[in-house]
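Here is the structure we will look at.
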Amino acid sequence: MCQTLTSFQTIPLDMAPELTRAVTNVVCSLCFNTRYKRGDAEFETMLAYSKGIVDTVAKDSLVDVFPWLQVCTFTMHYLCFIHIKMLTILLLCSAVKNKKKYPGESVKDLLDALLKAKLNMENNNSNISQDVGLTEDHILMTVGDIFGAGVETTSTVLKWAVAYLLHYPEVQKKIQEELDAKVGFGRYPLLSDRKILHYTEAAISEVLRIRPVSPLLIPHVALKDSSIGEYTIPKEARVVINLWSLHHDEKEWINPHLFNPDRFLDENGNRVYSPSQSYLPFGAGIRVCLGEALAKMEIFLFLSWILQRFTLEVPEGDHLPDLEGGSLVL
Ligand code: HEM
């Protein structure tokens with residue numbers, strides 16, 4: 001990505017597809033041990049299908065909150081559409097095609113691990129693979145879930161980060177000053193630098209607060225009678241958490257609509273990981289985001305590598321990006 005940015009230094013470049021490409025490559029190597037170059041035909045087709053899914057989910061995901069909508073024929077068509085698109089993406093991927101034919105010996109990625117587990121169970125003449133859902137379809141859909149959950153979320157956060165840095169150049173400058181002082185130019189930022197780049201980390205936390213990609217988390221169902229604070233939650237009740245409201249609650253945050261990374265720093269400039277209980281960008285409890293650690297690593301590395309070398313600006317005569325935007329994932 002940095003090579004692309006270098007070659008476009010004097011020409012305006014839309015960062016959004018570049019960020020999506022970079023994040024998609026991380027998830028591709030995690031799932032299939034494959035990486036693609038910019039412009040690769042297979043990769044560009046996958047990205048186009050992926051965008052189609054997100055456009056549909058982002059606009060019409062009401063069925064997750066109101067399941068009775070499933071009775072509508074339209075909704076069923078919509079779910080089939082998503083399912084088919086996701087499978088098409090995976091089947092397009094040559095790595096998946098090859099592995100389905102020749103599952104290798106060593107485990108290099110998620111697909112290997114699942115295929116190997118299925119093979120082991122079959123060799124042991126066990127019916128477990130059927131019982132626990134390790135059919136080829138389940139394996140494909142599991143990889144598809146990680147693909148779906150891992151690409152759009154992280155790339156959307158990066159896009160919001162770029163949008164906010166354009167609106168708040170003083171924040172961008174402070175991050176760059178921190179990078180200059182603590183990392184310098186002799187090497188790239190490393191994950192271990194997260195411990196010392198407090199302001200950069202605070203800015204990332206603030207992006208996750210002000211624009212949560214999953215403003216209603218994921219709808220949950222109570223498995224037994226329960227309670228949250230003073231509220232009684234009967235078994236089987238659908239629970240939707242309004243994360244947007246928690247992240248913009250005036251009782252918890254001073255001027256919640258202002259982008260202010262300093263909320264995540266103490267008076268000595270050290271990190272405050274969670275300044276309020278109303279901060280849950282990755283959810284909480286046993287269904288907390290599975291990819292939280294990976295996402296935080298990716299966001300840190302991509303942003304710090306970019307800001308070490310480049311200053312982001314809107315081309316002369318162009319508008320700043322809209323901060324109201326429609327880029328919510330769920
Ligand atoms: C900045 C990026 C990300 C954000 C903000 C995010 C946020 C979330 C949120 C809010 C949930 C729902 C939690 C709940 O309802 O309590 C969730 C679930 C999930 N996320 Fe993420 N996520 C991100 C990246 C990722 C990545 C990179 C992966 C995988 C590679 C991933 C995999 C998952 C999975 C599998 C679940 C479902 C967990 C379950 O239901 O048990 N996420 N994520």
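Just follow the structure's listing: the first ligand is 1, and inside any ligand the first atom is 1.
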| request: Tell me which one of Pro212, Gly150, Ser214, Ser155 gets a heavy atom nearest to atom 27 (C) of ligand 1. | output: Gly150
| message | Tell me the nearest of Gly291, Ala293, Cys289 to atom 18 (C) of ligand 1, using heavy-atom distances. | response | Cys289
Under a 4.0 angstrom heavy-atom cut-off, which atoms of ligand 1 come close to [X]?
X      : result
Ala295 : 1 (C), 2 (C), 24 (C)
Ile299 : 1 (C)
Pro281 : 5 (C), 7 (C), 10 (C)
His220 : 14 (C), 15 (O), 16 (O)
Ala284 : 16 (O)
Thr154 : 2 (C), 24 (C), 27 (C)
Val157 : 1 (C)
Ile218 : 12 (C), 15 (O), 18 (C)

Hey, is [X] touching ligand 1 through its side chain, its backbone, both or neither, going by heavy atoms under 4.0 Å?
X      : answer
Leu243 : neither
Leu290 : both
Lys296 : neither

| request: Walk me through it: do Glu292 and Lys296 pass the test salt bridge (Lys or Arg N to Asp or Glu O under 4.0 Å)? | output: CA-CA 6 Å; Glu292 175 173 355; Lys296 285 177 171 168; 2.7 Å; yes
For [X], does the [atom1] atom sit with more than 12 other heavy atoms under 6.0 Å from it, leaving out its own atoms?
X      : atom1 : answer
Arg187 : CZ    : yes
Lys173 : NZ    : no
His319 : NE2   : no

| field | Between Thr311 and Gln172: side-chain donor-acceptor atoms closer than 3.5 Å | value |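 No.
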| field | Protein contact to atom 24 (C) of ligand 1 [nearest heavy atom, distance to 0.1 Å] | value |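 The protein heavy atom lying closest is Thr153 OG1, 3.3 Å.
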| task | May I ask you to test the Arg287-His220 pair for a side-chain heavy-atom distance under 4.5 Å? | result |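 Of all side-chain heavy-atom pairs linking His220 with Arg287, at least one is under 4.5 Å.
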| task | Could you say whether the N/O atoms of Arg287 and ligand 1 ever approach to under 3.5 Å? | result | yes
| request: Please state whether the rings of Trp244 and His248 are parallel, tilted or perpendicular, taking 30° and 60° as the class boundaries. | output: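 Answer is parallel, since the angle falls under 30°.
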| message | Between Glu177 and Lys174, does any NZ, NE, NH1 or NH2 come within less than 4.0 Å of an OD or OE carboxylate oxygen? | response | no
| Is the shortest side-chain N to carboxylate O distance from Glu44 to Arg21 below 4.0 Å? |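 Looking at Arg21 together with Glu44, the answer is yes, because their closest N to O distance falls below 4.0 Å.
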| field | Residues His247, Tyr279; criterion ring-ring contact (aromatic ring centres under 6.0 Å, His included); working and verdict | value | CA-CA 6 Å; His247 280 194; Tyr279 183 63; 5.3 Å; yes
